[in-house]
Student: 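Here you go, one structure.
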Amino acid sequence: MMRLSALFAAALAAGVLVWPLAATSAGLQVDSSTISHFGVGSMERAFGRLEFVGGISYSSPDRLVGAVSAIRFRPDGTHFVAVLDTGHWMTGAIRRNEEGALSGLAEVQVSSMLNAEGRDENAKWMMDAEGLALAPGVAIVSYEQRHRVDVYPDPGFERSAPKGSYPIPFPRSELSTNRGFETLVVAPADGPLAGAPLIVAERSLDAHGNLLAAILDGPMRGSFTVVRNDPWDATDGAFLPNGDLLLLERRFRLADGIGMRIRRIKGADIRPGAVVDGEVLIDADMSHQIDNMEGIDVLQMPDGDIRIIIVSDDNHSILQRDLMLEFRLIGGQHPS
């Protein structure tokens, strides 16, 4: 999690092209405004290897909505599960307009996460949820501050304490308090990682300045590292169907504010002992519709299109926005 300065966060709102939409009729009230262009004051659609499809900025009178750290979509591509760094689950569904672009959220519910003793509404330092992965029968969550990777039953995670935890193959002393494992993903079951969960640190580094990372289970269980390009920090990831990993990254510099980029790391490169890097698909700054972008997921549409959805963490600040942005991967998952 990162808190932005008031100066740069306020500037994010400049040039927003949005208009009000009706609130959802089910679940919590969530009001959305559409974002039709990613570049502020620009009609461009292509940004690097991604094409902007559309997005929304959303808000709610319910004080718990917001602070989204990670999001995962169900197989229907509409319903989602998210974790908030306040120690809450958020579930809901996306809505699309006649053109197929994002238009709002529905069925939104927020519930407190339970700790190992089954207690809810815990202190943030105990339940600073940053990463989320869904696998058959389980929802897996990574936490900062009290670094751990807990496993909850799915369905039923909203009412359950964790049923177990994955061992983290690093001494806690090597993990920065607020720069832990923000990235938690589950690899494709039919790939070389055999559906194993994988973690990447936001900014906990090895002796060479690379990001600590690990495969937590399966035949290739073990640690590896990801090349860090200063000042970028990893905030989340998602696998493409072909096994390549998309790594969402964020930067914050006083000189030019915040930035967002996505790196594509070849799945075949991920193995114990490896140092991995990848192609930058998109690099955006404050001239684009971004905020504190923390969560990413991949959807495969019925026509085979690969869509990438990215969400922001507003830190429950009036100076920041809750965003959900959607892009299409140009050339599909096997670009030339």
Side-chain angles (χ1 to χ4, degrees), residues 1-4 9 24 27-32 56-74 79-94 105-116 119-134 139-152 154-162 177-185 199 202 234-238 248 250 291-297 309-325:
M1 184 197 73
M2 177 189 71
R3 292 195 174 277
L4 307 180
T24 59
L28 299 176
Q29 179 183 338
V30 177
D31 302 300
S32 300
I56 58 172
S57 174
Y58 65 93
S59 62
S60 173
D62 190 293
R63 63 181 181 83
L64 294 178
V65 175
V68 175
S69 291
I71 188 169
R72 299 297 173 201
F73 280 83
R74 296 296 194 181
H79 289 84
F80 63 81
V81 181
V83 292
L84 317 182
D85 64 20
T86 53
H88 292 83
W89 304 98
M90 186 170 83
T91 58
I94 56 173
L105 302 182
E107 305 172 34
V108 174
Q109 300 287 349
V110 177
S111 56
S112 179
M113 306 177 85
L114 303 184
N115 66 12
R119 292 195 294 267
D120 64 1
E121 301 303 335
N122 297 278
K124 177 179 170 59
W125 67 269
M126 295 177 60
M127 302 295 287
D128 187 356
E130 296 291 346
L132 171 68
L134 301 179
I140 312 168
V141 180
S142 61
Y143 293 89
E144 281 187 335
Q145 303 195 56
R146 285 187 61 180
H147 303 291
R148 64 195 189 279
V149 179
D150 286 348
V151 181
Y152 297 81
D154 181 27
F157 51 79
E158 301 98 327
R159 302 173 301 279
S160 175
T177 300
N178 203 37
R179 292 291 186 267
F181 296 110
E182 292 215 3
T183 299
L184 170 62
V185 287
I199 50 177
E202 177 186 6
T235 61
D236 200 8
L248 176 65
R250 167 188 62 208
D291 202 285
N292 177 30
M293 310 310 294
E294 287 220 4
I296 184 173
D297 203 13
I309 290 185
I310 310 168
V311 293
S312 69
D313 172 1
D314 73 340
N315 292 304
H316 287 313
S317 168
I318 62 172
L319 298 176
Q320 293 177 246
R321 296 180 294 164
D322 285 307
L323 301 178
M324 181 179 288
L325 308 174

Student: Do any N or O atoms from the side chain of S312 and from the backbone of N292 form a donor-acceptor pair under 3.5 angstrom?
Tutor: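 It does not hold such a pair.
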Student: Which heavy atom in A238 sits nearest to a heavy atom in V185, and how many Å separate them?
Tutor: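 Smallest interatomic distance, heavy atoms only, reads N-CG1, 3.7 Å.
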Student: Might you point out which heavy atoms bring P162 and L114 nearest each other, and give the distance in Å?
Tutor: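 What the structure gives for the nearest pair is CD-O, 3.5 Å.
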Student: For R146, what residues pass the salt bridge (charged side-chain N to carboxylate O under 4.0 Å, His left out) criterion, not counting sequence neighbours?
Tutor: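 Per chain and number, R146 pairs via salt bridge (charged side-chain N to carboxylate O under 4.0 Å, His left out) with no residue.
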Student: Distance from D291 atom CG to I310 atom CD1, nearest 0.5 Å?
Tutor: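 Here the rounded value is 12.5 Å.
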Student: At their closest point, which heavy atom of H316 faces which heavy atom of L64, and how far apart are they?
Tutor: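 Distance-wise, the nearest heavy atoms are CE1-O, 3.7 Å.
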Student: Would you say L323 and S57 make side-chain contact, with heavy atoms under 4.5 Å?
Tutor: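 When only atoms from C-beta onward are counted, S57 and L323 do touch, with a gap below 4.5 Å.
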Student: Can you list everything that forms a salt bridge (charged side-chain N to carboxylate O under 4.0 Å, His left out) with D297? Sequence neighbours excluded, please.
Tutor: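 Partners of D297 under the salt bridge (charged side-chain N to carboxylate O under 4.0 Å, His left out) test: R72.
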Student: For a quick test of reading the model, state the closest non-hydrogen atom pair linking S32 to I56 and the distance between them.
Tutor: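 Closest pair (atom of S32, atom of I56, distance): OG-CD1, 4.1 Å.
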Student: Out of curiosity, I309 CD1 to I94 CD1, how far, rounded to the nearest 0.5 Å?
Tutor: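 So the gap between those two atoms works out to 4.5 Å.
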Student: Tell me, do H79 and T91 make a side-chain contact under 4.5 Å, heavy atoms counted?
Tutor: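 The answer is no; the side chains never approach within 4.5 Å.
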Student: Testing V311, D85, L132 for side chain to side chain contact (heavy atoms under 4.5 Å, CB included) with V68, which one passes?
Tutor: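 The option that passes is V311.
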Student: Give, for atom CG of N315 and atom CD of Q320, the distance between the pair rounded to the nearest 0.5 Å.
Tutor: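 Spacing of CG (N315) from CD (Q320) equals 4.5 Å.
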Student: Distance-only, no hydrogens or angles: does the D236 side chain make a donor-acceptor pair with backbone N or O of L248 under 3.5 Å?
Tutor: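 The answer is no, because no donor-acceptor pair under 3.5 Å joins these two groups.
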Student: Applying side-chain hydrogen bond (donor to acceptor under 3.5 Å, both in side chains), name anything that partners Y58, two or more places apart in sequence or on another chain.
Tutor: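 If we apply the side-chain hydrogen bond (donor to acceptor under 3.5 Å, both in side chains) test to Y58, skipping adjacent residues, there are no hits.
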Student: For a quick test of reading the model, state the closest non-hydrogen atom pair linking E130 to E294 and the distance between them.
Tutor: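 It is OE1-OE1, 3.4 Å.
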Student: How far does CD of Q145 sit from CZ of R179, to the nearest 0.5 angstrom?
Tutor: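 Reported to 0.5 Å precision, the distance equals 11.0 Å.
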Student: From E182 CD over to I199 CD1, what is the distance, rounded to the nearest 0.5 angstrom?
Tutor: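 With rounding to 0.5 Å, CD (E182) is 12.5 Å from CD1 (I199).
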Student: Counting N and O atoms only, with roles assigned by atom type, does the side chain of S69 sit under 3.5 Å from a partner on the main chain of A129, one being a donor and the other an acceptor?
Tutor: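 Yes.
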Student: Okay, side chain of S112, backbone of D120: is any donor-acceptor separation there less than 3.5 Å?
Tutor: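 No, S112 side chain to D120 backbone: no donor-acceptor pair under 3.5 Å.
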Student: Is the side chain of E144 donor-acceptor paired with the backbone N or O of G180 at a distance under 3.5 Å, no angle test?
Tutor: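 Yes: the side chain of E144 pairs with the backbone of G180.
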Student: Please enumerate all residues that pass side-chain contact (heavy atoms from CB on, under 4.5 Å) together with N122, with sequence neighbours excluded.
Tutor: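 Result, side-chain contact (heavy atoms from CB on, under 4.5 Å) vs N122: N115, R119, M126, M127.
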Student: Shortest non-hydrogen contact from A161 to A116?
Tutor: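 A161 and A116 have their closest heavy atoms at CB-O, 4.1 Å.
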Student: Parallel under 30°, tilted from 30 to 60°, perpendicular over 60°: which one fits the rings of W89 and F157?
Tutor: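 Answer is tilted, since the angle falls between 30° and 60°.
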Student: Report the distance from atom CG of L84 to atom CD1 of I71, rounding to the nearest 0.5 Å.
Tutor: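 If I round to the nearest 0.5 Å, the distance is 10.0 Å.
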Student: Answer yes or no: is there a side-chain heavy-atom contact under 4.5 Å between D314 and R321?
Tutor: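 A side-chain contact is absent here, since even the closest heavy-atom pair is not under 4.5 Å.
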Student: D154: which residues meet the salt bridge (charged side-chain N to carboxylate O under 4.0 Å, His left out) condition with it, sequence neighbours left out?
Tutor: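 D154 satisfies salt bridge (charged side-chain N to carboxylate O under 4.0 Å, His left out) with R74 only.
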Student: Just jot down the side-chain hydrogen bond (donor to acceptor under 3.5 Å, both in side chains) partners of E158, sequence neighbours excluded, or say none.
Tutor: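 In terms of side-chain hydrogen bond (donor to acceptor under 3.5 Å, both in side chains), with neighbours along the sequence ignored, E158 is linked to no residue.
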